[in-house]
Amino acid sequence: MPPVIRVCFVCLGNICRSPTAEGVFRHLVNEAKLASAFDIDSAGTAGYHSGEAPDSRARAAGKRAGVVVSGRARQFVAADLARFDYVIAMDSTNLADLTRLARSDDASSKIRLLRSFDPAAPAGAPIPDPYYGDDSGFDEVLELCRVACRHLLQEIRAERGL
């Protein structure tokens, strides 16, 4: 049996964007009947919300889309770069924070922006932070995650022969 593929989605506080991306990716992996091949997680570059559930608006957007957005916020730590095969940042600030933690080219090579997997997204496009907006921002985040995560899963399947 091939090794488990470990994917971690990372935003600032781990209560909006990264748990949404985690939920969307888990949903897509389950639909593809590949759950046993993956370990999927999310984290934040800051520990502001450690231990908290995802924002209620993120959970509601997920529910509207048939996606479970769950978990508890935690802070991403340098050791996570050794644990995960793919470390997926939501925006350029998260990307820069993660890159500063990387102590090797191997660790750096695991870090990518989520929307970099979406061929229609402009270079450097972020998943926007919906925290200070209304519910529609959470729906937009979920849809952006859905598109990018589909392409991420396709890439991983091609790389790993799944």
Plane angle bin for H49 and Y131 - parallel if under 30°, tilted between 30 and 60°, otherwise perpendicular: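 Y131 vs H49 ring planes: tilted.
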Just verifying a value: how many Å separate [X] [atom1] and [Y] [atom2], rounded to the nearest 0.5 Å?
X	Y	atom1	atom2	answer
F25	F38	CZ	CZ	4.5 Å
S92	L113	OG	CG	7.0 Å
E22	C8	CD	SG	8.0 Å
L142	H27	CG	NE2	9.5 Å
L12	T45	CG	OG1	4.5 Å
I111	R100	CD1	CZ	11.0 Å

Can you name the nearest heavy-atom pair linking [X] to [Y], along with the distance?
X	Y	value
L153	A32	CD2-CB, 4.4 Å
A102	S108	CB-OG, 3.4 Å
V24	C149	CG1-CB, 4.0 Å
N30	A35	OD1-CB, 3.2 Å
A61	D139	CB-OD1, 3.4 Å
A43	Q75	CB-C, 4.2 Å

For residues [X] and [Y], determine if any side-chain heavy atom of one lies less than 4.5 Å from a side-chain heavy atom of the other.
X	Y	result
F138	D55	yes
C11	D129	no
I15	Y48	no
P130	R57	no
V87	D80	no
V10	L98	yes
C145	V141	yes
L152	F9	yes

So, [X] side chain and [Y] main chain: donor-acceptor pair closer than 3.5 Å or not?
X	Y	result
R115	P126	yes
D91	N94	yes
R17	I127	yes

For S104 and D106, does a side-chain donor sit closer than 3.5 Å to a side-chain acceptor?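 Looking only at side-chain atoms, D106 and S104 do not form any donor-acceptor pair under 3.5 Å.
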Do we see a donor-acceptor contact under 3.5 Å between the side chains of Y86 and E155?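 Per modelled atom types, Y86 and E155 side chains form no pair under 3.5 Å.
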Answer with yes or no whether the hydrophobic clustering places [X] together with [Y]; edges join I, L, V, M, F, W, Y residues whose side-chain heavy atoms lie under 4.5 Å apart.
X	Y	value
F117	I5	yes
L95	I88	no
V67	L34	yes
V7	L81	no

Within a reach of under 6.0 Å around CZ of R160, are more than 12 heavy atoms found that belong to other residues, nucleotides or ligands?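 Counting neighbours around CZ of R160, more than 12 heavy atoms of other residues, nucleotides or ligands fall under 6.0 Å, so yes.
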Please determine whether side chain to side chain contact (heavy atoms under 4.5 Å, CB included) holds for the pair V68 and R26, giving the CA-CA distance in whole Å, both sets of side-chain angles, and the decisive distance to 0.1 Å. CA-CA 9 Å; V68 176; R26 189 179 310 280; over 6 Å; no
Output all residues satisfying side chain to side chain contact (heavy atoms under 4.5 Å, CB included) with E143, sequence neighbours left out; order by chain, then residue number.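 R146, V147.
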Considering only NZ, NE, NH1 and NH2 on the basic side and carboxylate oxygens on the acidic side, decide whether [X] and [Y] come within less than 4.0 Å.
X	Y	value
D85	K110	no
D39	R83	yes
R74	E52	no

